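Naming convention: chains lettered A, B, ... in sequence-line order (proteins, then strands); numbering from 1 in each chain. Atom set for the values below is all heavy atoms of this structure, side chains included, hydrogens, waters and symmetry mates excluded. These figures come from a predicted structure and were not determined experimentally.
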Amino acid sequence: MLPTLRASLPYTLALAVLAYLGFAFLPVQGFAQEIFVVIGIMLAGILVPVLVDVKGRAAVTSSAVPLAASDYKGDTTTLYVGNLPYRANEDAVKELFQRFGVVINVRLMKDRQTGRRRGFGFVEVAAKDGNKMIQKLNDFNFQERTLKVREAKERQDSDDAEE
DNA sequence: GTTGAGCGTT
């Protein structure tokens, strides 16, 4: 079943029941009219989610993004990536890592004064994808440079324990 | 417009 419909169907049914019961407290004009109202609620409650799902599915297939980072709930791991080409930007690095898992954030370190990139950075990824990404992307040839990918050392003390 | 081992910032 379509996801939005599955989520909204209980509310639609509840609303239909409430409408049905509501007629008990009103001067009833006729059973036929009551049935039409209830059926109308059901039809709207089913058709709208179906249309939402169909449009949403088309949007997802056209965007080609596996999963929005802001929607990911779970443990994350920060990877150190070194030996980056100076010309590489964050989007290129993110796209590369996204081939092998969920990427939460990419930060390429740059010189504070000049703003030029320093050739390394940190990629925050889903914890379950971290080791796979290290396997796949360490010593990976990226724009004529051989990447170095490791698990990042933690600068902050007394934070989460690494595996 | 430069550099080439490296583990960081709101």
Side-chain angles (χ1 to χ4, degrees), chain A residues 1-16 18 41-163:
Chain A
M1 187 181 291
L2 299 170
T4 306
L5 176 60
R6 190 191 324 133
S8 66
L9 195 54
Y11 299 101
T12 299
L13 293 176
L15 190 60
L18 282 178
I41 290 174
M42 299 276 295
L43 279 180
I46 292 175
L47 278 178
V48 170
V50 166
L51 292 176
V52 168
D53 277 331
V54 170
K55 287 196 66 175
R57 186 166 300 182
V60 166
T61 51
S62 65
S63 68
V65 173
L67 180 66
S70 58
D71 290 342
Y72 180 79
K73 308 294 182 191
D75 294 333
T76 64
T77 304
T78 300
L79 303 180
Y80 163 85
V81 47
N83 214 32
L84 281 165
Y86 293 127
R87 60 184 176 278
N89 57 20
E90 296 189 353
D91 285 336
V93 174
K94 177 187 287 185
E95 187 176 1
L96 175 66
F97 278 74
Q98 272 181 345
R99 299 183 198 173
F100 305 104
V102 177
V103 175
I104 311 300
N105 199 352
V106 175
R107 292 189 297 273
L108 300 187
M109 294 310 157
K110 42 182 76 170
D111 189 287
R112 191 129 237 210
Q113 299 157 359
T114 67
R116 291 183 304 188
R117 285 187 264 267
R118 298 175 58 192
F120 75 97
F122 297 91
V123 181
E124 188 179 0
V125 303
K128 62 181 175 55
D129 298 329
N131 283 329
K132 176 173 54 180
M133 287 174 165
I134 293 174
Q135 296 296 324
K136 297 288 187 182
L137 291 177
N138 186 38
D139 292 334
F140 181 84
N141 195 317
F142 178 63
Q143 298 183 5
E144 311 300 326
R145 301 286 302 181
T146 303
L147 295 186
K148 299 300 176 188
V149 181
R150 308 282 136 86
E151 191 168 316
K153 299 176 184 176
E154 303 217 357
R155 183 65 176 171
Q156 302 172 350
D157 296 341
S158 70
D159 207 309
D160 56 341
E162 297 291 326
E163 294 178 344

Rounded to whole Å, NZ of A:Lys148 lies from P of B:dG4 at a distance of 17 Å

Here the residues of residues 79-89 of chain A within 4.0 Å heavy-atom distance, strictly under, of DNA chain B are A:Tyr80, A:Asn83, A:Leu84, A:Pro85, A:Tyr86

Heavy-atom nearest nucleotide on DNA chain B taken for A:Arg117 and for A:Arg107; more 5' hit belongs to A:Arg117

A:Tyr72 and A:Ala127 have their tightest heavy-atom pair at OH-N, 4.2 Å

In whole angstroms, the gap separating C1' of B:dG6 from CZ of A:Phe120 amounts to 6 Å

Rounded to whole Å, the CD-P distance (A:Gln113 to B:dT9) equals 13 Å

When rounded to whole Å, the CZ to P distance for the pair A:Arg118 and B:dA5 reads 14 Å

Salt bridge (Lys or Arg N to Asp or Glu O under 4.0 Å) filter on A:Lys128, not counting sequence neighbours, yields none

Applied to residues 86-95 of chain A, the side-chain hydrogen bond (donor to acceptor under 3.5 Å, both in side chains) test, sequence neighbours excluded, yields none

From NZ of A:Lys110 across to C1' of B:dG4 the rounded distance in Å is 18 Å

The residue, A:Gly119 or A:Met109, whose nearest nucleotide of DNA chain B is more 5′ is A:Gly119

Here the distance between atom P of B:dG8 and atom CD1 of A:Ile104, to the nearest Å, is 22 Å

Separation of B:dT9 atom C1' from A:Asp111 atom CG, nearest Å, is 13 Å

Sorted by chain and number, sequence neighbours left out, side-chain hydrogen bond (donor to acceptor under 3.5 Å, both in side chains) with A:Asn141 holds for none

Before accepting this row, confirm whether a basic side-chain N of the pair A:Lys148/A:Asp139 lies closer than 4.0 Å to the acidic partner's carboxylate O. yes

| task | Give a yes or no on whether a donor-acceptor pair under 3.5 Å exists between the nucleobase atoms of B:dT3, that is its base, and the side chain of A:Arg116. | result | no

From CD of A:Glu154 across to P of B:dC7 the rounded distance in Å is 15 Å

Hits for side-chain hydrogen bond (donor to acceptor under 3.5 Å, both in side chains) against A:Arg145, two or more places apart or cross-chain, chain-then-number order -> A:Asn83

So is the aromatic ring of A:Phe122 stacked onto the base of B:dG8, judging by whether the centres are under 5.5 Å apart and the planes are under 30° apart?
yes

Across all chains, not counting sequence neighbours, the side-chain hydrogen bond (donor to acceptor under 3.5 Å, both in side chains) partners of A:Asp75 are none

